[in-house]
Amino acid sequence: MRTTLVDVDGRQGSTAHHVGRVRLAASGVALIIEVPEDALPTVVHWGADPGPLSGEDLSAATRSTRPPFASNGVDAPLPVALLPEGWTGWTGTPGISGHRRGADWSPRFQPTSVIVETREDVPGGHLEIHAADALTCLKLSVRIEMLPSGLVRLRATLENTGATPYMLDALQLALPVPTRADEVLDLAGRWSKERVPQRRAFTVGAHTREGRHGRTGADAATLLIAAEAGVDFDRGDAWGMHVAFSGNHRSIAERAFTGERLLYGGELLLPGEVELEPSESYESPWVYGAYGHGLDEVAVRFHDYLRARPAHPRTARPVVMNVWEALYFEHDLARVVPLVELASRVGVERFVLDDGWFGSRRDDRSGLGDWTIAEEIWGDGRFERLVSAVKDHGMEFGLWFEPEMVNLDSDIARAHPEWLLQVPGRLPVEARHQQVLDLAHPEAFEHIRSSIVALVQRYDIDFIKWDHNRDLVDAGSTRTGRAGVHAQTMAAYRLLDEIRLACPGLEIESCSSGGARVDLGILERTDRVWASDCIDPHERQQIQRWTAQLLPPELVGSHIGAERAHTTGRKNDLSFRAATALFGSLGVEWDLSSASAAELDELSSWIAFYKQTRQLVHTGRVVRRSLEGGDVWMTAAIAPDQSEALYQVVLRERHVTWPLGAVRLPGLRPTARYRVRPAGPDAESQIDPRIHPGWWGEGLIATGAMLGEIGVQIPALAVDHAVHLRVEELS
């Protein structure tokens with residue numbers, strides 16, 4: 001490891017003296033940072049790696065990109081730093097906002113030390129800068145990392161070195177993007193229709209996405225992307241930013257009148273939420289930046305990073321059966337055990353009992369927060385018999401919790417009203433008949449922690465579905481009287497950490513009214529996310545397609561539901577419901593006692609196909625394409641060594657012409673020869689020349705170049721149907 005430590009005297013001066021320039025590079029991406037002696041670092045370049053640069057080259061890059069002085073501006077303009085400051089003349093969004101009873105509101109940070117660490121045998125490296133402002137009595141440290149996948153991530157820490165409290169209102173970091181980034185792309189949504197893409201021109205001003213739900217939000221930007229106009233999965237340079245935080249947060253794409261274009265990210269702090277006492281510090285969440293040519297390349301940087309984590313799931317992602325849509329609150333051992341048997345018959349590997357097993361919870365109005373087995377339903381050893389039935393069938397057992405919420409009609413709320421988040425004098429408006437338990441209250445935290453750990457250990461629970469079904473509105477602490485979303489989020493993280501420490505091997509799914517808690521902060525502590533409560537495959541195709549902009553498929557729960565979707569009422573064939581679930585962590589959310597023998601056999605075949613292909617889907621590079629004006633979607637998983645691939649082609653809408661043109665199969669090695677065959681349980685159906693192309697029966701042998709540039713014809717499809725192609729390299 002090569003470490004460089006530069007001490008800086010921090011003297012005042014009208015001209016920025018340069019400590020040096022740093023290049024961090026990995027996987028074809030470079031971040032070139034200018035480190036002045038008396039100002040915070042600025043980014044000279046973030047994007048495609050120009051290759052190793054000499055000191056002279058780095059100096060030339062800085063000089064060549066510095067604009068001329070603008071008229072009617074400051075006389076000696078400075079580039080916008082990673083933490084934009086007002087003293088430089090910057091009139092856009094500030095990186096820091098705070099004060100000390102109205103004073104010390106405009107800090108000027110000057111470096112005190114700079115640490116650069118790189119390793120010759122590992123791509124990337126990091127830069128850490130420590131700075132201070134003696135006048136406002138604040139210290140700042142900023143850590144910038146280039147990860148081996150080409151992701152950039154940043155975090156800032158602010159310390160109060162003064163003798164009086166400092167009120168922090170905002171601390172957010174920024175990365176610049178070039179002026180060719182003319183378009184902004186982010187995601188929106190709502191319950192059961194998460195991650196809907198939206199595009200707009202990158203015009204002057206700030207496009208601000210704020211999450212004030214106390215959780216990530218179904219409407220979260222997820223990834224705020226600035227890109228070349230017309231960016232698509234395979235074309236156009238794109239720069240994306242993600243705030244890895246599960247509470248209130250802010251993402252901004254800002255274009256200044258002076259020409260700068262910035263992506264900001266950080267926590268959204270409520271009034272008075274973070275007041276730093278003397279010697280106290282605040283650490284911002286990680287902000288991730290991803291550059292790529294095309295949206296797929298942006299996505300793969302996140303996927304590669306996540307898959308390289310030591311805690312990333314390494315075992316095959318089990319087939320899950322969750323019984324919410326089969327039972328709702330109608331729990332009965334005689335009703336559930338047959339579902340266990342049917343689940344085992346079709347190949348399920350993990351059986352999950354959802355809401356309704358505890359306290360007085362016979363509907364959604366009572367019992368939430370009382371984490372004891374419901375004697376009325378599961379007493380007299382019945383719960384033990386259920387767990388034994390699941391284990392005896394060779395399946396793991398999972399259980400639903402919603403640890404952060406309570407019903408007012410519950411023992412815990414009646415005994416401890418001071419444990420509920422609230423504004424003094426009134427409770428928040430109810431949502432889902434729920435209030436929020438203040439996990440920052442030590443006694444409330446310990447009550448929940450010990451209750452969950454005891455149940456997990458007693459019943460050998462393998463998996464928790466961790467739900468979070470309401471927004472945090474008027475979320476104040478009864479102990480401090482202050483807004484409590486920040487403290488609640490940090491306490492939820494600590495709760496997850498402590499439960500996992502006490503229960504090694506336990507897996508946890510993040511669910512929040514479906515997909516309202518999908519972010520890299522929660523995924524530091526969980527093994528799976530529930531992308532949406534909507535499992536209508538037509539809707540799920542879009543939800544999963546854009547969830548993949550951040551997460552690889554093995555982290556995204558995707559279930560096969562009933563013929564008629566519970567959320568939309570739309571009917572779909574089993575083949576399409578199962579095909580959609582393949583490109584995720586597959587499960588079943590269906591009352592199998594209502595299924596016919598033929599449906600059970602077909603479901604078994606699809607689950608067997610998933611087990612055959614999950615290693616490829618869960619380790620391969622995700623490739624997405626929109627064809628025929630978006631009427632046809634293609635999703636693929638390409639093995640890391642390009643030796644095999646699975647392609648799924650879906651007809652979303654009836655196209656104006658028919659049949660379709662040949663579908664190109666990207667991502668293969670051009671010079672290699674491959675065998676292409678139909679795949680999936682429905683691929684062996686009787687071949688009809690009016691539907692199937694001539695090559696369909698015997699398969700096809702072709703080079704990767706031919707498949708990628710010319711392509712193959714697929715069968716005629718009905719709307720909301722899919723075909724699969726398995727491609728394998730010939731030895």
Side-chain angles (χ1 to χ4, degrees), residues 184-199 209-225 233 240-251 295 298-299 302-303 306 322 324-325 402 431-432 465-472 509-523 526 528-561 565-570 572 577 580-581 583-587 589 622 624 626 630 633 635 650 652:
V184 175
L185 167 67
D186 59 4
L187 304 179
R190 57 177 175 83
W191 174 75
S192 81
K193 194 172 179 62
E194 296 86 344
R195 280 168 285 289
V196 178
Q198 55 184 15
R199 296 173 183 251
R209 297 295 308 279
E210 292 187 341
R212 294 179 177 269
H213 301 286
R215 50 179 171 167
T216 320
D219 60 343
T222 307
L223 205 62
L224 181 59
I225 295 172
F233 297 117
M241 177 171 279
H242 171 75
V243 180
F245 195 63
S246 311
N248 292 344
H249 61 284
R250 180 185 287 121
S251 302
L295 299 175
V298 171
F302 286 101
H303 298 182
L306 289 164
N322 188 78
W324 174 243
E325 291 195 2
E402 192 172 3
R432 300 283 295 268
K465 178 180 177 181
W466 186 296
D467 216 335
H468 182 292
N469 274 315
R470 67 154 292 168
D471 291 343
L472 274 59
E509 175 183 66
S510 170
C511 175
S512 185
S513 305
R517 208 185 226 176
V518 175
D519 62 82
L520 297 192
I522 202 68
L523 273 165
T526 57
R528 188 181 195 250
V529 300
W530 183 230
S532 179
D533 282 342
C534 179
I535 49 177
D536 175 338
H538 180 87
E539 302 290 340
R540 266 287 181 147
Q541 283 281 331
Q542 175 170 281
I543 292 166
Q544 292 173 197
R545 185 177 187 80
W546 289 100
T547 301
Q549 196 59 47
L550 183 68
L551 304 182
E554 65 270 23
L555 296 180
V556 182
S558 180
H559 290 188
I560 302 169
H566 287 210
T567 52
T568 66
R570 185 185 285 121
N572 278 286
R577 284 140 52 203
T580 299
F583 278 82
S585 178
L586 184 140
E589 192 99 11
V622 173
R624 298 161 294 175
S626 293
W633 283 1
T635 304
V650 173
R652 294 266 299 170

### Task
For Ile225 and Leu295, run side-chain contact (heavy atoms from CB on, under 4.5 Å): C-alpha distance rounded to whole Å, both residues' side-chain angles, the deciding distance at 0.1 Å, then the answer.
CA-CA 9 Å; Ile225 295 172; Leu295 299 175; 3.9 Å; yes
### Message
Quick one, Leu551 with Leu520, criterion side-chain contact (heavy atoms from CB on, under 4.5 Å). Give me CA distance, side-chain angles, the key distance, then yes/no.
### Response
CA-CA 9 Å; Leu551 304 182; Leu520 297 192; 3.9 Å; yes
### Message
I'd like to know whether Thr567 forms a side-chain contact (heavy atoms from CB on, under 4.5 Å) with Ile535, so could you lay out the CA-CA distance, the side-chain angles of the two residues, the decisive distance to 0.1 Å, and finally the verdict.
### Response
CA-CA 8 Å; Thr567 52; Ile535 49 177; over 6 Å; no
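Asn248 CG to Glu210 CD: the interatomic distance, rounded to the nearest 0.5 Å, is 9.0 Å. Distance check: Phe583 CZ to Gln541 CD gives 9.5 Å after rounding to the nearest 0.5 Å. To the nearest 0.5 Å, atoms CG (Asp467) and CZ (Arg432) are separated by 7.5 Å. Here the OG atom belonging to Ser512 is positioned 12.0 Å from the CH2 atom belonging to Trp466, to the nearest 0.5 angstrom. Atom NE2 of His559 sits about 13.5 Å away from atom OG1 of Thr580, to the nearest 0.5 Å.
Contact of the Ile522 side chain with the Thr216 side chain is not registered, since no non-hydrogen atoms from C-beta on lie closer than 4.5 Å. Between Arg250 and Val243, every side-chain heavy-atom pair lies at or beyond the 4.5 Å cut-off. Residues Glu402 and Cys511 have side chains not in contact (no heavy-atom distance under 4.5 Å, counting atoms from C-beta outward). Annotation: side chain of Arg195 is not in contact with side chain of Gln544 (no heavy-atom distance under 4.5 Å). Under the 4.5 Å side-chain criterion, counting only non-hydrogen atoms from C-beta, Glu589 is not in contact with Arg577.
A salt bridge links Asp471 with Arg215: the closest approach of a Lys/Arg side-chain nitrogen to an acidic carboxylate oxygen falls below 4.0 angstrom.
Between the side chains of Arg517 and Ser510, no donor-acceptor pair is found at a separation under 3.5 Å. Side-chain atoms of Glu539 and Thr568 include no donor-acceptor pair closer than 3.5 Å.
Listed here is the closest heavy atom pair of Ser246 and Gly521: OG-C, 4.0 Å. The shortest non-hydrogen separation linking Ser532 to Glu194 is OG-OE1, 2.6 Å. Heavy-atom minimum distance, Gly217 versus His213: CA-CD2, 3.8 Å. Of all the heavy atoms in Ala548 and His303, the pair that sits closest is O-NE2, 2.7 Å. Contact record, Trp530 with Ser558: CZ3-N, 4.1 Å, taken as the closest heavy-atom pair. For the pair Ala581 and Ile560, the tightest heavy-atom approach, listed with the atom from each and the gap, is CB-CG1, 3.8 Å.
Using modelled atom types, no side-chain atom of Asp219 and backbone atom of Arg190 make a donor-acceptor pair closer than 3.5 Å. Judged purely by atom type and a 3.5 angstrom limit, Arg209 has no side-chain atom pairing as donor or acceptor with the backbone of Thr222. In this structure a side-chain-to-backbone donor-acceptor pair under 3.5 Å is missing from Asp186 to Leu223. Between the Arg528 side chain and the Ser585 main chain, a donor and an acceptor come within less than 3.5 Å of each other. His566 places no side-chain N or O within 3.5 Å of a backbone atom of Asp533 that could act as its donor or acceptor partner.
Aromatic ring orientation, Phe302 versus His242: perpendicular (interplanar angle above 60°, classes split at 30° and 60°).
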